[in-house]
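See structure below.
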Amino acid sequence: MQEKYLPSEIERAAQAQWATRQVYRASDASDRPKYYCLSMFPYPSGKLHMGHVRNYTIGDVLARYHAMRGYNVMQPMGWDAFGLPAENAAIANNVPPAAWTYANIDHMRTQLQALGFAIDWSRELATCKPDYYRWEQWLFTRLFEKGVIYKKMAMVNWDPVDATVLANEQVIDGRGWRSGALVEKRDIPMYFFRITQYADELLTGLDTLPGWPERVKTMQANWIGKSVGVRFAFPYRLDGKDEQLWVFTTRADTVMGVTFCAVAAEHPLATRAAQDNPELTAFIAECKQGSVAEADMATMEKKGMDTGFTVTHPLTGESIPVWVGNYVLMSYGEGAVMAVPAHDERDFGFAQKYGLPIKQVIEGEELSAVKQALAQGRTEHGNSIANLEAELSALEFDANEWKSWYETKKGFCVHSGKYDGLGYEAAVDAIAADLAALGLGEKKTQFRLRDWGISRQRYWGCPIPIIHCDSCGDVPVPADQLPVVLPEDVVPDGSGNPLNKRADFVNCSCPKCGGAARRETDTMDTFVESSWYYARYACPDFDGGMLDARANQWLPVDQYIGGIEHAILHLLYARFFHKLMRDEGLVSSDEPFANLLTQGMVIADTYYRETPDGKKAWFNPADVEMRDGAAILKFDGQPVIVGGTEKMSKSKNNGVDPQALIDQYGADTARLFTMFAAPPEQSLEWSDAGVEGAHRFLKRLWKLAYEHVQGGAVAAFAGGELPDAAKALRRQLHQTIQKVGDDIERRKQFNTAIAAVMELMNALAKLDGDDATTRSVRQEVLEAAVALLAPIVPHISEALYAELKPGVALAWPAVDESALVQDEIELMLQVNGKLRGQIRVAATADKAMIEAAALASDAAQKYLEGQPPKKVVVVPGRLVNIVL
RNA sequence: GCCCGGGUGGCGGAAUCGGUAGACGCAGCGGAUUCAAAAUCCGCCGCCGCAAGGUGUGGGGGUUCGAGUCCCCCCCCGGGCACCA
């Protein structure tokens, strides 16, 4: 056995052997239970970053663990290969996105292989390849014919200088990132998936996913946003016609407090009002500036303008002014809202700003309680009349000041005529019934979820398989003409979609009438490709259709692992797509991912200098060193400013290249460090020192094994009497086997599993003796420890196991229950909840015996001073608390 | 702004069901080894205090024999917000 731990040598050897023996090839025909372990596939951005290393190591630990436990494991890998960065790279370097993407894939595949992941590379796929996206196009045409996909107008960010549509991230402070031009909202036709049709099922389906984190399910439920309310209309007369302004509200109990309505800038009523109102026209134009991102809409200053039109309150007959509000979204609900400034904080602020009336129609329960107490002259609980009066004035409705109770549903109607005195539910029912009787409203369930717009005015994506014909309209491309292949020799220049300039792509004939027609040049949202790749991995070579029977054999995914940032969009779209495929008869399950693990981000320190033009120049942590407590740039010895600790990103230049780490310490160290530094769900802070610590442990492990193996072969301990020290070590060993299995399988927390093995190794190093019995225990401990670490550091584990047990395959160790038995246990002794000592009792002692032992102890006697205790709490196996 | 998380030593983190706060690792300190250094090994290491002891899990309140853990309020940090993936 080699005395020195040489990671590059053993890793190269192990990987070569795995590759030739194809050990990670998943069998489609196996008697063993299947375990489909899937990590979110990477976008091929160039090189692997630490987030990838973390994600794929987590998946690999679970995959390898389950393989050791006898499962038929499938862990595939592929490439989420379409997307915006390839176009940006094309603009920057004048390279076609396709060439750039394929080069990145080749490099990143090599990097993944160097990390020794147990991946079945025979199933590799790339979403930018026609043999993948052709089935996406095929499904699109099916869904289009079914009406699940439809076309409508929708708003996008328009850069008037580059004449192109911008992604939200390309809009910075309301301006285009390259041109700097003020961004406008523009209405263009787009294709939509009718995800709202599945809203209820997507919501209730969450209850069938016990293996998902609660927070992800909560976020999805809130995103879907089911709300039961009332949709009703304000009638009005305009241009000699009777019209209705429809709104939706969850607070129908406050309808009597409506003092104005607000409509979106794009609402027909706003457009009509602006016809002869230049000021309003200007305001609507202003509303159309800026990005379409909801975060921007929600944080901007709320502005509005009176249209001059009024509508009629359906219940009071009052005349209600209609305003245009920049915060009202045309795409949500009816594009119009009723405003009750007394009981909605946003409406309140708006009314204050524009001097609109505020009419209280609800009285909160706290307020009523104080009023009642005052009326009855009640002064209990030490409350004086003066106190009550002070409380009353603090709570009482004041149109000049917003108070949090104004939005309460716990209260009753006031100043509401016949509805006075009704509580929330009774008021909603009564008002809904009255509106319904007038034919002006009904109860309605509404979802916050909007239909999924998938048209992208970009080149590097899956072509939407539609042909536009002047006589036949939008015609889906027939199945036998698929795929619509994206030309790969294109270099975009940042101004519009280059496909529009490709006559060979655009010009075609109509599949229906055969006449000249134009091909759709929009491509699909890349979320579409990532919504079904997990199913295609089961049958990546099937060219007779989208999926074959193997999909049902492997699905659902047993364990899905990916970043928490995908909690809503990707995971919701994939769940939706799974149901679409189910309804097409392609899969039989309802949900794609049985268990989900959401990993935290990898973060690192940031360093920068201010440049003369006020911008920040960011420096990589690798180029910075600390000298006398100050951060210095190695290159010029001059100081840099320490920024925050943030998500590793290109923009902050704080990414740590895993390649350097692998080159210096080996893949096992990289894997061990990322698993040890933090539990998977938390963010992981990068630390060079921590890496050295992980490497040191592996060297120590190697040394312990080396020294033991040098002593000659010995069989693992198989039974018999042991001295106390060896017995204690065996107990620790079997406790560790139990813990590591539980940590990996149930808790999915690997840092504590590693810590437990580290403790075991520390204890092993302290075990003296070279007699045969002691050496047999040492053999048992080393064999087991190496096996326990195998899912995390597979290369060194395999090398060491080969030395410890030549010719025998790595196997997960079994727990020896008899080694766990203890005669005596230590309990904590508390007095009034404070730790005051310990007592030792027999493991079999009952509560009475423990209590007696506790009271007899020196520590208890000291505090009792001869008095009997008030109470004694005994928690078996844990502690005794004596209450004085 | 809205939705969802998080906050524990100098640092990363542990404490799994309300029961020993700080496992394990890093850094630091002391020692051994060495001509010397690296590497390695042994020991110490929350804060205040000579000690006895006190105190301590973002801040404030509460429930409990007992709270990092449960409840209420507040502060700070992060993720998502539908065209980044």
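No experiment lies behind these values; they were computed from the predicted model shown. Per chain, numbering begins at 1; letters A, B, ... match sequence-line order.
Summarising the geometry, atom OG belonging to Ser39(A) is positioned 6.5 Å from atom OH belonging to Tyr56(A); distances are rounded to the nearest 0.5 Å.
Residues passing the side-chain contact (heavy atoms from CB on, under 4.5 Å) test with Glu707(A) are Lys703(A), sequence neighbours excluded. By the ring-ring contact (aromatic ring centres under 6.0 Å, His included) test, Tyr43(A) is found to be paired with no residue, residues two or more places apart in sequence or in another chain being considered.
Residue contacts shown for Gly600(A) are absent, as no nucleic acid heavy atom lies under 4.0 Å away. Using a 4.0 Å heavy-atom criterion, one finds that Arg215(A) contacts the sugar-phosphate atoms exclusively. Residue contacts shown for Val165(A) include a base, since a base heavy atom lies under 4.0 Å away. Counting non-hydrogen atoms under 4.0 angstrom, Val757(A) reaches nothing in the nucleic acid. Lys739(A) comes within 4.0 angstrom of a base, heavy atoms only. Within 4.0 Å (heavy atoms only), Ala765(A) reaches no atom of the nucleic acid at all. Residue contacts shown for Met601(A) are limited to sugar-phosphate atoms, with no base heavy atom under 4.0 Å away. Residue contacts shown for Thr526(A) are limited to sugar-phosphate atoms, with no base heavy atom under 4.0 Å away. Using a 4.0 Å heavy-atom criterion, one finds that Phe697(A) contacts no nucleic acid atom at all. At the heavy-atom level, Asp742(A) lies under 4.0 Å from base atoms of the strands shown. The residue Trp452(A) sits apart from the nucleic acid: no heavy atom pair falls under 4.0 Å. Heavy atoms of His566(A) sit under 4.0 angstrom from at least one base atom. Heavy atoms of Met761(A) sit nowhere under 4.0 angstrom from any nucleic acid atom.
In the displayed structure, Asn222(A) atom CG is contacted under 6.0 Å by more than 12 heavy atoms of other residues, nucleotides or ligands. Under a cut-off of 6.0 angstrom, the local environment of NZ in Lys185(A) is crowded, with over 12 non-hydrogen atoms contributed by other residues, nucleotides or ligands. Other residues, nucleotides and ligands contribute at most 12 non-hydrogen atoms within 6.0 Å of the NZ atom of Lys47(A). Annotation: Arg747(A), atom CZ; neighbour count of heavy atoms from other residues, nucleotides and ligands within 6.0 Å is above 12. Around atom NZ of Lys410(A), no more than 12 heavy atoms belonging to other residues, nucleotides or ligands sit under 6.0 Å away.
Comparing Lys703(A) and Val873(A) along RNA chain B, the residue whose closest nucleotide (by nearest heavy atom) sits nearer the 5' end is Lys703(A). Judged by closest nucleotide on RNA chain B, Leu835(A) is the one of Leu835(A) and Pro42(A) placed further toward the 5' end.
Less than 6.0 angstrom separates the ring centroid of Tyr533(A) from the ring centroid of Phe41(A). Less than 6.0 angstrom separates the ring centroid of Phe350(A) from the ring centroid of Tyr327(A).
Taking atom P in both rG28(B) and rC17(B), one finds a spacing of 36 Å when rounded to whole Å. Annotation: rC72(B) and rA67(B) have their C1' atoms spaced 15 Å apart (nearest Å). If you take atom P in rG22(B) and the same atom in rC45(B), they sit 12 Å apart, rounded to whole Å. Nucleotides rG66(B) and rG56(B), compared at atom P, are 15 Å apart to the nearest Å. Comparing the same atom, C1', in rG19(B) and in rC4(B) gives a spacing of 31 Å after rounding to whole Å. Look at the P atom in both rG10(B) and rC48(B): the space between them is 9 Å, to the nearest Å. Going from the P atom of rG58(B) to that of rG68(B) covers 10 Å, rounded to whole Å. Spacing between rG9(B) and rG18(B) at atom C1', rounded to whole Å, works out to 24 Å.
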query = Using Watson-Crick and G-U wobble pairs with both distances under 3.5 Å, what is the 5'-to-3' dot-bracket string of RNA chain B, with [ ] for crossing pairs and | for pairs outside the strand?
reply = (((((((..(((......[....))).(((((.......))))).(((....)))..(((((..]....))))))))))))....

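With salt bridges taken as basic N to acidic carboxylate O contacts below 4.0 Å, one links Lys353(A) and Glu301(A). Under the 4.0 Å criterion applied to side-chain N and carboxylate O atoms, Arg251(A) and Asp344(A) are not assigned as salt-bridge partners.
Checked by distance alone, Arg746(A) brings a side-chain donor or acceptor within 3.5 Å of a matching partner on the base of rU16(B).
Using modelled atom types and a 3.5 Å distance limit, the side chains of Ser530(A) and Asp80(A) yield no donor-acceptor pair.
Minimum heavy-atom separation, Leu829(A) to Ala860(A): CD2-N, 3.9 Å. Residue Tyr665(A) comes nearest to Pro7(A) through the heavy atom pair O-CG, 3.4 Å, listed as atom of the first residue, atom of the second, then distance.
Distances shown here put a side-chain N or O of Arg696(A) below 4.0 Å from the OP1 or OP2 atom of rA27(B). OP1 or OP2 of rC2(B) has not a single side-chain nitrogen or oxygen of Arg448(A) nearer than 4.0 Å. Here Thr752(A) does not reach the OP1 or OP2 of rA14(B): none of its side-chain N or O atoms lies under 4.0 Å away.
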query = Could you walk me through whether Phe676(A) and Phe697(A) pass the ring-ring contact (aromatic ring centres under 6.0 Å, His included) check?
reply = CA-CA 11 Å; Phe676(A) 182 62; Phe697(A) 171 71; 8.3 Å; no

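Within residues 876-884 of chain A, the residues approached by RNA chain B to less than 4.0 Å at the level of any non-hydrogen atom are Arg878(A), Leu879(A), Asn881(A), Val883(A), in residue-number order.
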inquiry  = Output one letter per nucleotide in nucleotides 7-13 of chain B: B when a protein non-hydrogen atom lies under 4.0 Å from the base, S when only the sugar-phosphate is that close, - when neither is.
reply    = -----BS

request  = If a protein heavy atom is under 4.0 Å from the base, mark B; if only from the sugar-phosphate, S; if neither, -; do that for nucleotides 53-63 of chain B going 5' to 3'.
outcome  = SSS--------

